[in-house]
**Q** 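Sending over a structure as structure tokens; questions will come in a sec.
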There are 2 protein chains.
Amino acid sequence: MASVFPLADLKASVKPDSRPGSRSDSSPASWVDTIIKGDCVSALEALPSHSVDIIFADPPYNLQLGGTLHRPDQSLVDAVDDEWDQFASFEAYDAFTRAWLLACRRVLKPTGSIWVIGSYHNIFRVGATLQDLNFWILNDIIWRKTNPMPNFKGRRFQNAHETMIWASPSAKAKGYTFNYDALKAANDDVQMRSDWLFPICNGAERLKGEDGKKAHPTQKPEALLARVIMASTKPGDIVLDPFFGSGTTGAVAKRLGRHFVGIEREQDYIDAASARIAAVEPLGKAELTVMTGKKAEVRVAFNVLVESRLIKPGQVLTDAKRRYSAIVRADGTVASGGEAGSIHRLGAKVQGLDACNGWTFWHFEDGQSLRPIDDLRSVIRSDLAKAE
Amino acid sequence: MASVFPLADLKASVKPDSRPGSRSDSSPASWVDTIIKGDCVSALEALPSHSVDIIFADPPYNLQLGGTLHRPDQSLVDAVDDEWDQFASFEAYDAFTRAWLLACRRVLKPTGSIWVIGSYHNIFRVGATLQDLNFWILNDIIWRKTNPMPNFKGRRFQNAHETMIWASPSAKAKGYTFNYDALKAANDDVQMRSDWLFPICNGAERLKGEDGKKAHPTQKPEALLARVIMASTKPGDIVLDPFFGSGTTGAVAKRLGRHFVGIEREQDYIDAASARIAAVEPLGKAELTVMTGKKAEVRVAFNVLVESRLIKPGQVLTDAKRRYSAIVRADGTVASGGEAGSIHRLGAKVQGLDACNGWTFWHFEDGQSLRPIDDLRSVIRSDLAKAE
DNA sequence: CGTTAGCATGAATCAGCGC
DNA sequence: CGCGCTGATTCATGCTAAC
């Protein structure tokens, strides 16, 4: 795990027609669970198309900080106070952003999604570029820091958050993973909001060099990555991080039973990340089972209830308040007045609505009480479960 | 107060060499404390250069809404489908943004600053354009909504915030007002953070038409404007709002002893704003010193414990008498037998009850003893206390 | 008059599949 | 790609009507 994969070897090893490791693939490609050493864009271009499930990117923010300014290639911009050069530097940053995002798009599956984190120095340029490239923004997520650095000069508000953008590769790409039900259940049964509260990475979690100094300047907290990965991937998915740094993405992905691919230029970071990831113990299957809702359940159609005699032809169904009633027919349709149709269509029609979920609208008599016909599907489902 | 100032009159009345009403000017110019009817850019161009102290702008968000959206109860969501929010493309939106920002820059004093509010639909384009025009971003501020609209389809995170950008006219313009000490004193003696918590505008504060419908689709809460104005202006300053709408900026500015200038195209909005502002009673000098901020309620969900590794996936929870047990999963749900769900749902299910407080029901091993998982929230809350 | 149940609503880029 | 069908999906708050 976490072996280092030199870019040259990768180029030699990847077969153009090879399908990469996916959810159902038991033998993942050789570049999976490795750190690729090299430039972000070149490394991305060496990976197969549509091969990763999500991308988490923490690109450089180094924009107009202090008196010096670095270009994406790390060369120094000398005259920051020159108006033209400032404009040029934004252009350079935009070109860099465009290049790596384009390379990411090719590597990302159509059913995938991308996360990018940044601060006000760069996130507006990243967001605009994402839109220009026809990525489709799903949410912007605010990481609220419990313990941000104070503003020392007292000339601004304390900069207490960072922004993440979550996007799918296009407006029409709706196949992205979002574990809504698990997130809601984990959040005390209310849906997860777009503002998240986490401490910054400090203490034992923070990687230190031999000199005791922090190994990486912007190491992200594992809790943040854990929520990102739990929200938008399934176990076995491949998570790509094109700015791998200290390897938080890889460490959390491994712990959570996902595959990772990291891209990183600097050998020191690669060494630190490799050792870190090697020490991670993955969780077992039981712990990684993701809670799903009704959408993921086996489909049981209404006629199955009729055929199995849980509902009998001629039986009367009503709504919860007994304002409307309908008669069940042997073919699995229901009729009321002169109208007939599916439980959904008829439910909509009697209420004068465009749509209706017949499963929760229609009820049947059960002794003294009324129960939704949806309750009967669980009977069928438990029989199906025993049959397996 | 709040008289309507037709654009034609304004053009005639403004003397090019006149110095506008400023902090020390006892006879403000005629366009101060008026609503100018007309197009945003044209009206701005008719105002004198360097004449206003701050600008608060709530431009169209360029929402790109597809069809209709229904709530789970089949009622229709009243979306923002107004003509003024429609743009043909990102390019068109960018050109519009550039035009009004350039016009704003000329009108803004070198010692002034500008606020722009938006959502992920437009804020990245606004931020990038601000930077392109050499505005200097001071902070991005997150308005966290206490009561945002839910996500009805369960396909994204609940969109629970909007973003404001606060910028000075150039990197060298350091003369902007920032009432650091007042903000800190109002915030229990810790510096004001970049994430603010406020309810959306509803109830009595929300302007209604004669038909009882909302007068403006996107009226902002006065509390939000109050913090903006208290943070970045002095009494007597002139606050310009180029997208005046229902006039929240003017109402709050008047109440807080500041002057306002509004620009608005639609007569209905001008009428509503004029009446609103006329009814505002300005505060006395004594009240204009300290404002208190609303604090966040401390809610800690179960997944926060899992993400922060206080509770680990795979760990066994039991009730106080060890009659029931459950296993923690990485997604923040718990499982027991074939059942799984939130700590509350599963607690109820194993006991055969309708409801259960999972926080006090489930316990974890702590050395020799069992402790309720609720105890672990205090660890998180001590971090939280620092954050708010 | 007080309490409660029910309903309305807010800047929303909000479904998935089979034919 | 479009159409049609199945059937899944909401949090906080304030106002009104009912009790």
**Q** For Thr360(A), report the nucleic acid contact type (base, sugar-phosphate, nothing); a contact means any heavy atom under 4.0 Å.
**A**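 Nothing: the residue Thr360(A), judged by heavy atoms under 4.0 Å, touches no strand.
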
**Q** When you measure from the side chain of Asp140(B) to the backbone of Ile165(B), do you find a donor-acceptor pair of N or O atoms at a distance under 3.5 Å?
**A** no

**Q** Give a yes or no on this: more than 12 heavy atoms of other residues, nucleotides or ligands lie within 6.0 Å of atom CZ of Arg206(B).
**A**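 Enclosed: over 12 neighbouring heavy atoms sit under 6.0 Å from CZ of Arg206(B).
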
**Q** Using the C1' atom as the reference point in each nucleotide, state the distance between dC19(D) and dC1(C) in Å, no decimals.
**A** 12 Å

**Q** Could you let me know what dA12(C) is paired to, Watson-Crick or G-U wobble, both distances under 3.5 Å, or none if it's on its own?
**A** none

**Q** Is His344(B) close to Asp188(A) at the side-chain level, that is, under 4.5 Å between some pair of heavy atoms?
**A**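 They are in contact (side-chain heavy atoms under 4.5 Å apart), so the answer is yes.
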
**Q** Starting at the 5' end of nucleotides 6-15 of chain C, put B wherever the base has a protein heavy atom under 4.0 Å, S where only the sugar-phosphate does, and a dash everywhere else.
**A** ---BBBBBBS

**Q** For dT4(C), does the O4'-C1'-N9-C4 (purine) or O4'-C1'-N1-C2 (pyrimidine) torsion place it in syn, i.e. within 90° of 0, or in anti?
**A** anti

**Q** Measure from CD on Gln351(A) to P on dG7(D) and round the result to the nearest Å.
**A**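 Checked: the CD to P distance equals 17 Å.
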
**Q** Please measure how far the P atom in dA11(C) lies from the corresponding atom in dT9(D), and state the result in whole Å.
**A** 26 Å

**Q** Let me know the distance between NZ of Lys294(A) and P of dT9(D), rounded to the nearest Å.
**A** 7 Å

**Q** Look at all strands and tell whether Arg345(A) reaches a base, only sugar-phosphate, or nothing, counting heavy atoms closer than 4.0 Å.
**A**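 It contacts base atoms.
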
**Q** Other residues, nucleotides and ligands only: do more than 12 of their heavy atoms fall within 6.0 Å of CG on Asn357(B)?
**A**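 Enclosed.
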
**Q** Write down the distance between CG (Leu346(A)) and P (dG7(D)), rounded to a whole number of angstrom.
**A** 15 Å

**Q** Which part of the nucleic acid does Arg377(A) contact within heavy-atom distance under 4.0 Å: base, sugar-phosphate only, or nothing?
**A**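 Sugar-phosphate, backbone atoms only, no base.
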
**Q** Looking at Ile141(A), Ile142(A), Asn139(A), which hits side chain to side chain contact (heavy atoms under 4.5 Å, CB included) with Met164(A)?
**A**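 With Met164(A) as partner, side chain to side chain contact (heavy atoms under 4.5 Å, CB included) holds for just one option, Ile141(A).
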
**Q** Under 4.0 Å, counting only non-hydrogen atoms across every strand here, what does Gln74(B) touch: a base, just sugar-phosphate, or nothing?
**A**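 Here Gln74(B) touches the bases of the nucleic acid.
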
**Q** What integer distance in Å separates Asp188(A):CG from dC11(D):P?
**A**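 For the pair Asp188(A) CG and dC11(D) P, the rounded distance is 12 Å.
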
**Q** Is it true that atom NZ of Lys214(B) has more than 12 heavy atoms of other residues, nucleotides or ligands lying nearer than 6.0 Å?
**A**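 Yes, the 6.0 Å shell around NZ holds more than 12 heavy atoms from other groups.
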
**Q** Which base sits across from dG6(C) as a Watson-Crick or G-U pair, both distances under 3.5 Å?
**A**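 When the pairing criteria are applied, dC15(D) turns out to be the nucleotide that pairs with dG6(C).
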
**Q** Side-chain contact, heavy-atom cut-off 4.5 Å: Pro372(A) with Trp359(A)?
**A**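 Heavy-atom side-chain distance check fails, nothing below 4.5 Å.
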
**Q** Quick one: Glu205(B) CD to dT13(D) P, roughly how many Å, whole number?
**A**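 Atom CD in Glu205(B) sits about 15 Å away from atom P in dT13(D).
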
**Q** Could you state the CG-C1' distance from Asn357(A) to dT6(D), rounded to the nearest angstrom?
**A** 9 Å

**Q** Provide the distance between the two C1' atoms, one in dG10(C) and one in dC14(C), to the nearest whole Å.
**A**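 It works out to 15 Å between them.
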
**Q** Taking atom P of dA8(D) as reference, at what distance in whole Å does atom CD1 of Ile343(A) sit?
**A** 9 Å

**Q** Could you say whether Ala204(B) or Asp374(A) is positioned toward the 5' end of DNA chain D, judged by the nucleotide with the nearest heavy atom to each?
**A** Asp374(A)

**Q** What is the distance, to the nearest angstrom, from the CH2 atom on Trp359(A) to the C1' atom on dC5(D)?
**A**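 About 14 Å, once rounded to whole Å.
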
**Q** Could you tell me how far dT13(C) sits from dC5(D) if I compare only their C1' atoms? Round to whole Å.
**A** 25 Å

**Q** I'd like to know if Gln191(A) reaches the base of dT9(D) with its side chain, counting only an N/O donor and acceptor under 3.5 Å.
**A** no

**Q** Taking any strand in view, what nucleotide pairs with dT9(D) in a Watson-Crick or G-U wobble way, both distances under 3.5 Å?
**A** none

**Q** Watson-Crick or G-U wobble partner for dG2(D), using a 3.5 Å limit on both distances?
**A** dC19(C)

**Q** Kindly indicate whether the side chain of Leu317(A), heavy atoms from C-beta on, has any atom under 4.5 Å from the side chain of Phe361(A).
**A**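 Contact flag for Leu317(A)/Phe361(A) side chains = no.
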
